[in-house]
S.K.: 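First the structure, which I've put down as structure tokens, then a few questions once you've had a look.
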Amino acid sequence: MPELPEVETTLRGIAPHALGKSVRAVVVRHPRLRWPVPKQLASELPGQTVRGLVRRSKYLLFEFDRGTLIAHLGMSGSLRVTDAGEVPGKFDHVDIVFENGTCLRLRDPRRFGAILWTHDPARHPLLTHLGPEPLGEDFTGAYLFERTRKRKRAIRDFLLDGRSVAGIGNIYANEALFAAGIRPTRAAGRLTRADCTRLAQALRATLKRAIRAGGTTLRDFRGGDDRPGYFQQRLKVYGRAGEPCQACHTSVRAVRLGQRSAFFCPRCQS
DNA sequence: CTCCGATCCTGATGGC
DNA sequence: TGCCATCAGGATCGGA
């Protein structure tokens with residue numbers, strides 16, 4: 001379940017192998033991902049060079065000479081560096097093969113990921129409504145406070161909404177709320193200014209630590225260099241229902257919030 | 001506008 | 001051992 005730290009880890013792993021490289025071929029074995037892989041990719045991409053590679057929210061943006069490839073890892077996707085000669089597995093749906101024989105290979109068993117192509121990323125519908133980057137300077141406690149006013153939805157759900165803040169998924173929403181001492185079920189509008197300051201700080205700190213650990217590998221996430229992440233060992237509440245809170249030893253609770261679980265310590269978080 | 005549930009997909013897991 | 005149900009979840013969509 002790649003969230004911002006896993007996508008950032010992927011970017012750092014593949015950037016040295018992709019930047020400045022020219023595409024020889026695109027191989028699409030399974031075009032039906034979250035959205036169909038554009039057919040023009042195989043004809044338009046060869047001959048173009050990767051001029052830039054950036055992350056926006058959970059999207060990877062490969063800036064080519066005449067367009068931008070948008071990649072999203074969905075919840076089971078990974079993008080790794082292989083050799084073009086390596087035999088693809090059952091879930092290796094898309095290859096981008098460079099002139100030097102290096103290959104960027106998208107593996108995605110559940111096919112919630114996406115590969116898209118645009119000439120105008122600034123106006124792409126997936127990217128235009130995104131909230132601020134949580135590690136950027138316009139994401140602050142003041143911003144959180146202002147945006148949550150009069151909002152009745154649970155703060156966990158507010159954080160998962162990419163229009164509020166970009167790149168946060170269930171793992172890091174729960175972990176940051178634990179670090180800030182706020183229950184995931186609390187109505188967003190009930191956060192005080194001080195809560196928002198702590199939450200913004202907790203999100204930044206949690207994401208940075210996760211990036212440093214190479215992300216979280218729950219099942220089979222791998223960075224671009226094929227290394228797993230190690231942040232799962234540092235998770236305080238996510239997936240730890242029934243275990244003692246690491247701060248106060250109270251049993252961690254899981255509650256159903258919408259379609260997904262929220263985890264919290266009933267003593268440390270209010 | 002806001003909120004919430006349904007939806008896509010398939011491997012892993014747990015109960016019987 | 002095998003079968004079946006359930007769960008995980010990012011982002012969009014439609015209905016309330």
Side-chain angles (χ1 to χ4, degrees), chain A residues 1-10 29-37 55-61 70-79 88-94 106-116 118 121 124-131 133-134 144 146-177 184-191 203 207 210 215-222 228-229 231-232 235 237-242 253-263:
Chain A
M1 31 222 77
E3 303 182 27
L4 185 155
E6 290 74 38
V7 178
E8 182 67 27
T9 297
T10 298
R29 293 181 206 85
H30 204 322
R32 291 188 50 198
L33 302 180
R34 176 70 174 80
W35 296 281
V37 178
R55 179 190 58 74
R56 175 73 173 107
S57 190
K58 297 167 189 165
Y59 300 94
L60 286 172
L61 308 180
I70 303 173
H72 194 288
L73 301 179
M75 41 180 294
S76 62
S78 62
L79 196 53
K90 183 180 172 190
F91 305 118
D92 292 333
H93 303 314
V94 179
L106 177 78
R107 171 173 301 181
D108 188 4
R110 279 166 241 185
R111 292 195 274 119
F112 274 36
I115 298 282
L116 297 168
T118 177
H124 195 280
L126 284 174
L127 305 175
T128 47
H129 300 114
L130 289 172
E133 286 291 325
L144 261 187
E146 186 217 323
R147 282 295 300 265
T148 50
R149 291 312 85 191
K150 310 221 169 128
R151 305 294 293 273
K152 289 192 166 64
R153 67 195 317 202
I155 183 63
R156 199 282 312 259
D157 291 340
F158 176 88
L159 293 177
L160 289 186
D161 189 332
R163 293 166 299 187
S164 313
V165 48
I168 308 299
N170 202 28
I171 296 175
Y172 298 106
N174 280 282
E175 290 298 307
L177 285 165
T185 49
R186 190 167 355 146
R190 305 302 289 268
L191 267 66
L203 263 172
L207 295 170
T216 299
T217 296
L218 286 186
R219 284 200 178 79
D220 58 358
F221 169 76
R222 289 292 184 282
F231 196 70
Q232 63 278 10
L235 298 177
V237 289
Y238 182 86
R240 296 199 186 279
R253 281 184 55 192
V255 295
R256 208 69 185 169
L257 207 50
Q259 299 305 103
R260 42 196 84 157
S261 296
F263 301 89

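Keep in mind the model is a prediction, meaning the values are calculated, not measured. Chain letters run A, B, ... following the sequence lines, proteins first and then strands; every chain starts at 1. As a basis for the values below, the full set of heavy atoms in this structure was taken, side chains included, without hydrogen atoms, waters or symmetry mates.
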S.K.: Base, sugar-phosphate alone, or nothing: which one does A:Y59 contact when heavy atoms must sit under 4.0 Å apart?
M.R.: sugar-phosphate

S.K.: What's the angle between the local helix axes at either end of the helix from B:dT2-C:dA16 to B:dC16-C:dG2, using five pairs per end and rounding to 10 degrees?
M.R.: 50°

S.K.: Search all heavy atoms of A:P2 against all heavy atoms of A:G74 and return the closest pair with its distance.
M.R.: CD-O, 3.3 Å

S.K.: Could you tell me whether the phosphate oxygens of C:dA11, OP1 or OP2, come under 4.0 Å of any side-chain nitrogen or oxygen in A:H72?
M.R.: yes

S.K.: Let's see if you can work this out: which of C:dC7, C:dG10, B:dG11 has an atom nearest to the side-chain heavy atoms of A:F91?
M.R.: B:dG11

S.K.: Looking at A:R107 and A:D92, what are the two nearest heavy atoms and their distance?
M.R.: NE-OD1, 2.7 Å

S.K.: Quick one, give me the B/S/- string for nucleotides 3-8 of chain B, reading 5' to 3', where B means a protein heavy atom under 4.0 Å from the base and S means that only happens at the primed atoms, P, OP1 or OP2.
M.R.: SSS--B

S.K.: Quickly work out the A:H129 NE2 to C:dC13 C1' distance and round it to whole Å.
M.R.: 14 Å

S.K.: Between A:A154 and A:T185, what is the shortest heavy-atom contact and its length?
M.R.: CB-O, 3.9 Å

S.K.: Of all the heavy-atom pairs spanning A:D161 and A:R153, show the shortest one and how long it is.
M.R.: OD2-NH1, 3.1 Å

S.K.: Taking atom C1' of B:dC1 as reference, at what distance in whole Å does atom CZ of A:F158 sit?
M.R.: 14 Å

S.K.: Measure NZ/A:K58 against C1'/C:dA11 and give the value in whole Å, please.
M.R.: 8 Å

S.K.: So which heavy atom on A:L235 is nearest to which on A:R240, and how close?
M.R.: O-NE, 2.6 Å

S.K.: Tell me the closest heavy-atom pair linking A:L60 and A:T10, and the distance in Å.
M.R.: CD1-CG2, 4.0 Å

S.K.: Expressed as a whole number of angstroms, how long is the span from A:L160:CG to C:dA11:P?
M.R.: 10 Å

S.K.: Let me know the distance between CZ of A:R56 and P of C:dA11, rounded to the nearest Å.
M.R.: 11 Å

S.K.: I need the CG-P distance between A:L127 and C:dA11, as an integer number of Å.
M.R.: 11 Å

S.K.: Atom CZ of A:R110 to atom C1' of C:dA11: distance rounded to whole Å?
M.R.: 16 Å

S.K.: Ignoring hydrogens and angles, tell me if any N or O in the side chain of A:S76 forms a donor-acceptor pair with the backbone of A:D108 under 3.5 Å.
M.R.: no

S.K.: Less than 4.0 angstrom between a side-chain N/O of A:S261 and OP1 or OP2 of C:dC7, yes or no?
M.R.: no

S.K.: Salt bridge or not for A:E133 and A:R56, using N-O below 4.0 Å?
M.R.: yes

S.K.: Once you round it to whole Å, what is the distance between P of B:dT10 and NE2 of A:H93?
M.R.: 8 Å

S.K.: Evaluate side chain to side chain contact (heavy atoms under 4.5 Å, CB included) for A:R34 paired with A:R111, printing each intermediate quantity in order.
M.R.: CA-CA 6 Å; A:R34 176 70 174 80; A:R111 292 195 274 119; over 6 Å; no

